[in-house]
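Quick notes on the structure that follows.
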Amino acid sequence: MSDIGDWFRSIPFITRSWFAASVAVPFIGKLGLVDFRHLLLDPELIFHKFHLWRPLTATLYFPVTPNTGFLYLVNLYFLYHYSTRLETGAFDGKPADYIFMLLFNWICIVITGLLMNMRLLMIPLIMSVLYVWAQFNKDMVVSFWFGTRFKAHYLPWVILVFNFIIGGSFVNELTGNLVGHLYFFLMFKYPMDLGGRSFLSTPEFLYRYFPNRRGGVSGFGVPPSRRPAAQEPARGGGEGRHNWGQGFRLGGE
């Protein structure tokens, strides 16, 4: 148990909180402590009965059954893996910026869910984070299951197909990918690469509560697409590399 506790405490704070909530809420519904129907997104109950908790619980809840358990575990792993890499990589020392990214993506996903009558929002938010990670590392070659290798730029779309095969739908994955693309385009691509107006910026109150840990100015100073691409062997690892540029196997440790 101490090993599990040490591993859990080693997860960066924002990812750890999100991961813990994404484990606790589904099991609360599974054990019947709360009727799972109270955890789903329902526009009528939100606007007419003021069930204001539903947009949050719908993002953290996933029905765990013999048919959905594997899909839940796979996406829980994606949450842990890619959120950790973003929080300790591109957003290292910038908790306010990372929280703002999650809030922006979450709000966009909730709006989309209300318009499209989506009941569960866990997978879209996870996929939006995965998409942002893939954009930061788009030229890195990653290894997927069965020995397939490709650039990280294609990873969100490969996982979309993978989840469609095991889950029977791709709407959640597509929503997450599009929201992740919207964030990355407005925050980085358009203002930094294309010289356009900056439409997104982290609110100052988030910096007051979650200040940068490494000094300097708040926010991002260079577009991620201008960072030198990491030259990675398929197995990853090695010294002198940034932790946002390490190779990995999705099915490994």
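FYI, side chains are in, hydrogens and waters are out, and symmetry mates aren't considered; it's all heavy atoms of this structure. Everything quoted here is computed from the prediction, not taken from an experiment.
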Salt-bridge criterion met for Asp42 and Arg119 (N-O under 4.0 Å):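 Judged by the 4.0 Å cut-off on N to carboxylate O distance, Asp42 and Arg119 do form a salt bridge.
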Distance-only polar pair, side chains of Ser22 and Tyr61, donor-acceptor under 3.5 Å: no
Thr59 and Trp106: side chain donor to acceptor below 3.5 Å: yes
Do the ring centers of [X] and [Y] come within less than 6.0 Å of each other?
{"X": "Tyr80", "Y": "Trp7", "value": "yes"}
{"X": "Phe184", "Y": "Phe188", "value": "yes"}
{"X": "Phe205", "Y": "Phe100", "value": "no"}

Out of curiosity, [X] [atom1] to [Y] [atom2], how far, rounded to the nearest 0.5 Å?
{"X": "Leu86", "Y": "Asp97", "atom1": "CG", "atom2": "CG", "answer": "12.0 Å"}
{"X": "Glu87", "Y": "Leu102", "atom1": "CD", "atom2": "CG", "answer": "8.5 Å"}
{"X": "Phe36", "Y": "His38", "atom1": "CZ", "atom2": "NE2", "answer": "10.0 Å"}
{"X": "Thr112", "Y": "Ile107", "atom1": "OG1", "atom2": "CD1", "answer": "11.5 Å"}
{"X": "Leu33", "Y": "Ile28", "atom1": "CG", "atom2": "CD1", "answer": "6.5 Å"}

Test item: Trp157 side-chain N/O and Asn177 main-chain N/O as donor-acceptor pair under 3.5 Å: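 Answer holds: no.
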Donor-acceptor contact present, side-chain Ser128 to main-chain Gly180, <3.5 Å: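 No; judged by distance alone, with no hydrogens or angles, the pair does not exist.
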